[in-house]
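Note sheet for the following structure.
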Amino acid sequence: MKKMTNNIVFIGFMGVGKSTLAKMLAKKLKSVALDTDKIIENMESKKIKKIFESSGEEYFRELEKKVALWLETSVCNTVISTGGGLIHAENLNKIGKIIYLKSSFDGIIKRIENHPKSKEKLAKRPLLQDRKKAKELFKKRESLYEKKAGFIINIEKFKNEKEIIKELLKII
Ligand code: S3P
């Protein structure tokens, strides 16, 4: 029998607002939010940037897979925000209901640049440092996110995060 996890899983590119929205939605649902990057940082006692620097991307991807397996077997009734690359975990669809938070690349950059902590937001993401490479990664990832998504929310259609939450509450 298929395990019912009741988790909501946000996927999407870096900087689209997955963790902020997960926290907001969890509050509305009187549930709990978990973020895969935060779990990895706790596992390693290091920030993502440092993990990339000291152990490399491949090592980080292995940690993501480990976390994805743990989420599948051990987590339920939770709103989960994922790192943008967690879609490569083969068991993703077993973790919960997958919602793709979609935006154009320019929309994401604008969102980060307009954030009061924009410098911090940018600096903590190794794969956003080279804008050209980041755009190439975005193009490769778009179709993957779409394929894995149970629902797609185009965040650029909404005037603020509160409106996105209203829409999310309708579809979950
Ligand atoms: C990554 C996304 C980041 C973080 C890491 C790699 C990616 O998370 O996991 O820097 O490969 O897309 P956010 O999506 O929360 O920025």
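Counting convention: from 1, in listed order, for ligands and their atoms alike. Hydrogens, waters and symmetry mates are skipped; everything else that's a heavy atom, side chains included, is used.
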Q: Only one of Asp35, Thr20, Thr36 passes side chain to side chain donor-acceptor pair (under 3.5 Å) with Ser81; say which it is.
A: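 Among Asp35, Thr20, Thr36, the one meeting side chain to side chain donor-acceptor pair (under 3.5 Å) with Ser81 is Asp35.
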Q. Among Lys166, Lys18, Arg111, which one satisfies salt bridge (charged side-chain N to carboxylate O under 4.0 Å, His left out) with Glu161?
A.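 Running salt bridge (charged side-chain N to carboxylate O under 4.0 Å, His left out) over Lys166, Lys18, Arg111 with Glu161 returns exactly one hit, Arg111.
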Q: Could you name the option among Arg61, Glu57, Lys121 that has the heavy atom nearest to atom 11 (O) of ligand 1?
A: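 Nearest heavy atom to atom 11 (O) of ligand 1 lies in Arg61.
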(Q) For atom 5 (C) of ligand 1, tell me which residue out of Ile48, Ile40, Ile51 has the closest non-hydrogen atom. (A)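 Considering heavy atoms of Ile48, Ile40, Ile51, the nearest to atom 5 (C) of ligand 1 sits in Ile48.
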(Q) Below a 4.0 angstrom heavy-atom separation, can you tell me which part of Leu127, side chain or backbone, both or neither, approaches ligand 1? (A)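 Only the side chain of Leu127 comes within reach of ligand 1.
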Q) Any idea which part of Lys124 is under 4.0 Å from ligand 1, heavy-atom wise: side chain, backbone, both or neither? A)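 Neither part.
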Q | Heavy atom of the protein closest to atom 16 (O) of ligand 1 (residue, atom name, distance) | A |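 Ranking protein heavy atoms by distance from atom 16 (O) of ligand 1, first comes Arg125 NE, 2.6 Å.
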Q) Looking at Ile172 and Leu25, what are the two nearest heavy atoms and their distance? A)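 The pair with the smallest heavy-atom distance is CD1-CD1, 4.2 Å.
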Q) Taking the six-membered ring for Trp, are the ring centroids of Phe151 and Tyr100 within less than 6.0 Å of each other? A)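 That pair fails the under 6.0 Å test.
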Are the charged groups of [X] and [Y] less than 4.0 angstrom apart, N to O?
X: Glu146; Y: Lys102; result: yes
X: Glu113; Y: Lys110; result: no
X: Arg61; Y: Glu64; result: yes
X: Lys49; Y: Glu53; result: yes

Could you list which atoms of ligand 1 come closer than 4.0 Å to a heavy atom of [X]?
X: Gly83; answer: 8 (O), 9 (O), 14 (O)
X: Pro126; answer: 10 (O)
X: Gly85; answer: 7 (C), 11 (O), 12 (O)
X: Lys18; answer: 13 (P), 14 (O), 15 (O)
X: Asp37; answer: 3 (C), 4 (C), 8 (O), 9 (O), 13 (P), 15 (O)

Q | Within-shell test, Arg141 vs ligand 1, heavy atom, strictly < 4.0 Å | A |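 It does; at least one heavy atom falls under 4.0 Å.
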Q) Is Glu41 near ligand 1, meaning one of its heavy atoms is under 4.0 Å from it? A)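 Not so, Glu41 does not reach ligand 1.
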**Q.** Exam field: side chain Glu72 to backbone Ala68, donor-acceptor pair closer than 3.5 Å
**A.**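 No, the answer is negative, given that no donor and acceptor are paired below the 3.5 Å cut-off.
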**Q.** Min N/O separation Phe60 to ligand 1 under 3.5 Å
**A.**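 Phe60 vs ligand 1: no N/O contact under 3.5 Å.
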